[in-house]
Number of protein chains: 4
Amino acid sequence: MPKVLPGYQQEARKRIIVTAVETFSEIGFHQTTMEDIAKRLGVSKAAIYSYFKNKEELIDAIGEATLHTLKEELDSLFKGRLSTDSFLEWAMSIIEMKIEDIKKYSSLHFEVLIEASRNVSLRRMLKENIRKATIIVAGLLEEEKRKRCIRQELNTRPLALGLIALFFGLRQVLLTGIGDEEVSQAWRELMKAVARS
Amino acid sequence: MPKVLPGYQQEARKRIIVTAVETFSEIGFHQTTMEDIAKRLGVSKAAIYSYFKNKEELIDAIGEATLHTLKEELDSLFKGRLSTDSFLEWAMSIIEMKIEDIKKYSSLHFEVLIEASRNVSLRRMLKENIRKATIIVAGLLEEEKRKRCIRQELNTRPLALGLIALFFGLRQVLLTGIGDEEVSQAWRELMKAVARS
Amino acid sequence: MPKVLPGYQQEARKRIIVTAVETFSEIGFHQTTMEDIAKRLGVSKAAIYSYFKNKEELIDAIGEATLHTLKEELDSLFKGRLSTDSFLEWAMSIIEMKIEDIKKYSSLHFEVLIEASRNVSLRRMLKENIRKATIIVAGLLEEEKRKRCIRQELNTRPLALGLIALFFGLRQVLLTGIGDEEVSQAWRELMKAVARS
Amino acid sequence: MPKVLPGYQQEARKRIIVTAVETFSEIGFHQTTMEDIAKRLGVSKAAIYSYFKNKEELIDAIGEATLHTLKEELDSLFKGRLSTDSFLEWAMSIIEMKIEDIKKYSSLHFEVLIEASRNVSLRRMLKENIRKATIIVAGLLEEEKRKRCIRQELNTRPLALGLIALFFGLRQVLLTGIGDEEVSQAWRELMKAVARS
DNA sequence: GATGAATGAGCCTTCATTCAT
DNA sequence: AATGAATGAAGGCTCATTCAT
């Protein structure tokens with residue numbers, strides 16, 4: 001007796017997730033009340049329970065959604081280089097583009113990280129995402145290496161992981177309130193190190 | 001007997017903090033009950049309240065303690081180089097030494113980070129710690145630069161912040177279960193990049 | 001079903017207030033547990049919290065309700081005189097009519113009084129009620145004065161306040177267990193004093 | 001092995017009672033903590049327990065002490081008349097003398113009243129005090145009556161109770177913040193009524 | 001499908017009271 | 001005789017969750 005198409009279900013889930021992401025991001029996973037989310041959605045608490053069995057399932061879904069976003073973020077790391085850019089210009093365009101997004105959902109990123117530290121499936125997903133992203137980034141770096149834009153002696157696979165880690169770490173630095181400019185320069189300096197002089 | 005014997009009071013506070021750190025680390029700040037801590041300490045809940053006004057104050061104290069530890073961790077980055085080591089050997093010895101410590105209370109660090117994202121005084125403290133550490137690390141790098149162990153074109157100050165961020169990021173990567181070896185290599189590769197070929 | 005049906009909400013609030021009045025009256029404001037009230041109502045503690053933000057708000061509501069009752073009590077002082085009654089007969093009919101009511105929730109009145117002594121808004125309300133009642137009673141007395149039923153040299157306004165105070169005081173006396181008869185006679189004697197010989 | 005004379009014990013009890021009266025008066029019986037009292041006394045909580053078995057016993061003692069004071073207050077009603085004063089002058093001197101004291105411990109009076117409503121022995125004591133005071137006041141009024149200062153048709157015994165009730169009631173009026181002047185005048189008007197024109 | 005209402009379980013916090021020293 | 005320290009027993013309040021309608 002499904003009155004609505006599964007499409008609607010999915011649509012509703014998404015709307016809930018979007019709102020939940022906002023709320024969780026502002027207040028934190030465990031300080032956010034189901035009521036908080038419901039109010040912001042303009043529906044009753046019970047309504048949310050039609051789409052998510054319980055708060056944990058909602059958190060998991062948010063975790064997955066966040067990891068999905070993270071994955072895309074990482075994939076896009078170093079993507080879209082124009083042939084005219086130098087390696088460094090390219091690298092800088094990335095950080096400058098991302099910096100606002102990063103700040104926006106920064107705390108959520110760490111909430112998910114903590115959640116992952118206590119939730120195997122989330123942790124596995126996070127690990128897998130990093131792995132896949134590492135491979136993609138490594139591929140891009142390999143290309144740069146071939147084009148002699150980066151130092152020849154560097155192994156692209158661990159380097160890729162290193163850059164991803166750096167990206168994560170800058171997020172942490174941004175969270176403390178250290179300015180965008182400083183953060184950009186930190187990124188630049190390491191990119192300069194990576195780049196072929 | 002101890003009228004104004006801050007010794008005992010301090011001792012008790014410390015014991016509470018140690019136990020709380022363990023518990024918070026395993027369960028998380030907001031999932032941990034005062035009772036959880038009390039039980040593990042073998043005292044009543046009320047006892048804790050004679051040393052800390054409320055849960056928040058306890059969390060803050062732990063936040064500060066953790067940040068203190070973080071500060072020391074960062075300060076020790078690159079310290080203690082033997083004259084015989086190459087820059088790279090030195091850098092690797094650091095990461096290998098730290099990696100176990102890092103994994104130990106890793107999730108607590110992130111809990112504190114999130115706490116800091118919503119607690120001005122904690123956030124300010126974190127920021128200050130990073131700043132100070134940046135200066136110290138920059139100084140060490142400056143020395144290396146003078147000794148021509150690292151690339152001449154690199155600015156040590158932003159580079160220092162970059163390495164600190166990298167350190168932070170590797171902590172995040174470690175949390176996912178990615179192996180020590182891979183993490184070490186990621187660090188190495190970026191150090192190689194920094195080092196003068 | 002009741003979306004914005006204040007009817008139900010109001011009804012529920014009232015039922016809670018009625019039960020709370022009983023309970024507070026027997027046990028006292030600060031000795032009564034939210035659970036005490038909930039049990040007597042046959043609902044959960046949490047249910048009460050959807051109608052009253054916290055215990056204080058419930059107490060305030062009861063304070064206001066009690067003051068409202070008090071106001072009516074005072075207003076009715078000396079009301080409804082039949083033309084055939086003498087002033088004294090009239091005065092006595094009042095006290096005899098009220099005496100049972102007075103005893104019923106007597107201790108609650110004093111609880112509210114104490115609450116008022118530490119709660120500005122409640123105190124102001126109490127004061128206002130007394131003022132208004134004084135004016136009404138003074139008006140009635142003025143009428144009696146014109147009809148030469150009470151002593152001509154008496155100023156009705158302060159006299160009204162005096163009689164109200166007397167009424168209050170007799171409530172206190174009744175609380176001690178001193179008999180109705182004695183209390184009635186005390187009232188009579190002062191009324192005799194007021195009445196024109 | 002009594003190190004101190006019983007005199008000391010009594011002395012200490014008294015000091016505790018005095019401080020407790022102050023504290024209870026400001027904060028109320030059930031909101032006042034043993035710690036509140038101890039702090040104000042400058043001793044430890046445990047010290048109070050050497051003199052009073054528990055809080056209830058302390059409250060009872062305060063109740064008794066308050067009733068004792070009340071008794072004296074009532075006894076002094078109409079006492080000390082100089083032969084030159086008129087009855088009314090005399091009555092007014094009383095209220096003016098008492099008004100400050102009344103306001104000071106007004107809320108305590110009502111706390112004791114409520115306590116009495118739930119504590120047989122306190123209630124009995126209160127009742128007895130009022131009875132005795134009634135007799136004394138009645139005696140004084142009888143004297144006035146003989147001197148033709150008050151209306152001949154008044155029965156002094158119930159009149160005495162009425163005046164005591166009035167006194168109680170004015171205390172309640174004062175508690176609401178109604179001014180001293182108004183209260184004095186209310187008292188005067190009823191005294192005028194009692195006095196022989 | 002959605003909601004208003006209710007609830008059980010649990011958490012933080014307080015406080016009268018005890019007791020070893 | 002006094003106290004610092006500790007605690008058991010609440011009590012207020014919150015919140016994820018359920019369910020009749």
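Heavy-atom basis, side chains included; hydrogens, waters and symmetry copies ignored.
Contacts of D/S50 with the nucleic acid, taken as non-hydrogen atoms under 4.0 Å apart, are absent.
The pair B/E56-B/R118 does not meet the salt-bridge criterion, since no charged nitrogen lies less than 4.0 angstrom from a carboxylate oxygen.
Side chain of C/T33, nearest nucleotide from F/dG8, F/dG11, E/dC19: F/dG11. Among F/dC13, F/dA16, F/dA6, the nucleotide with an atom closest to any side-chain atom of B/Y51 is F/dA6. Set against F/dC15, E/dT14, F/dG12, the side chain of C/K45 has F/dG12 as its closest nucleotide. The side chain of C/S44 has E/dA6 as its nearest neighbour among E/dT14, E/dT17, E/dA6. In the set E/dG8, F/dT17, E/dG4, E/dG8 carries the atom at the smallest distance from any side-chain atom of C/A46. Comparing E/dG10, E/dT7, E/dC15 by their closest approach to the side chain of C/A47 singles out E/dT7. Nearest nucleotide to the A/Y49 side chain, out of F/dA16, E/dT17, E/dT13: F/dA16.
The partner of E/dC19, taking Watson-Crick or G-U wobble pairs whose two distances both stay under 3.5 Å, is F/dG4.
Put simply, CD on D/E35 is 13 Å from C1' on E/dT17, counting in whole angstrom units. Between A/L58 atom CG and F/dA16 atom P the separation is 11 Å, expressed in whole Å. In this structure, the CG atom of C/N54 is 17 Å from the P atom of E/dT13, given to the nearest Å. Remark: P of F/dC15 and NZ of A/K39 are 10 Å apart, rounded to the nearest angstrom. Note: CD (A/Q31) to C1' (E/dC11) measures 14 Å, nearest angstrom. B/M34 places its CE atom 10 Å from the P atom of E/dT14, with the value rounded to the nearest Å. C/I37 has its CD1 atom 12 Å from the C1' atom of F/dG11, to the nearest Å. Rounded to whole Å, atom P of F/dA1 lies 12 Å from atom CD1 of D/I16.
Distance alone, capped at 3.5 Å, is enough to place a donor-acceptor pair between the C/T69 side chain and the C/A65 backbone. Put simply, the side chain of A/K71 never gets that close to the backbone of A/E128: no donor and acceptor are under 3.5 Å apart. Of the possible polar contacts, one joining the A/S107 side chain to the A/S25 backbone as a donor-acceptor pair under 3.5 Å is found.
In this structure, A/F29 and A/K55 have side chains that are not in contact, with every pair of non-hydrogen atoms separated by 4.5 Å or more. Side-chain contact check for D/Q31 versus D/E26: every heavy-atom pair is 4.5 Å or farther apart.
Within residues 110-118 of chain D, no residue is approached by DNA chain F to less than 4.0 Å at the level of any non-hydrogen atom.
Heavy atoms only, all atoms of each residue included: D/S117 and C/L175 are closest at CB-CD1, 3.8 Å.
Atom OG1 of D/T19 sits about 12.0 Å away from atom CG of D/D36, to the nearest 0.5 Å.
Place B/G42 and C/E56 on DNA chain F by their nearest nucleotides, and B/G42 ends up nearer the 5' end.
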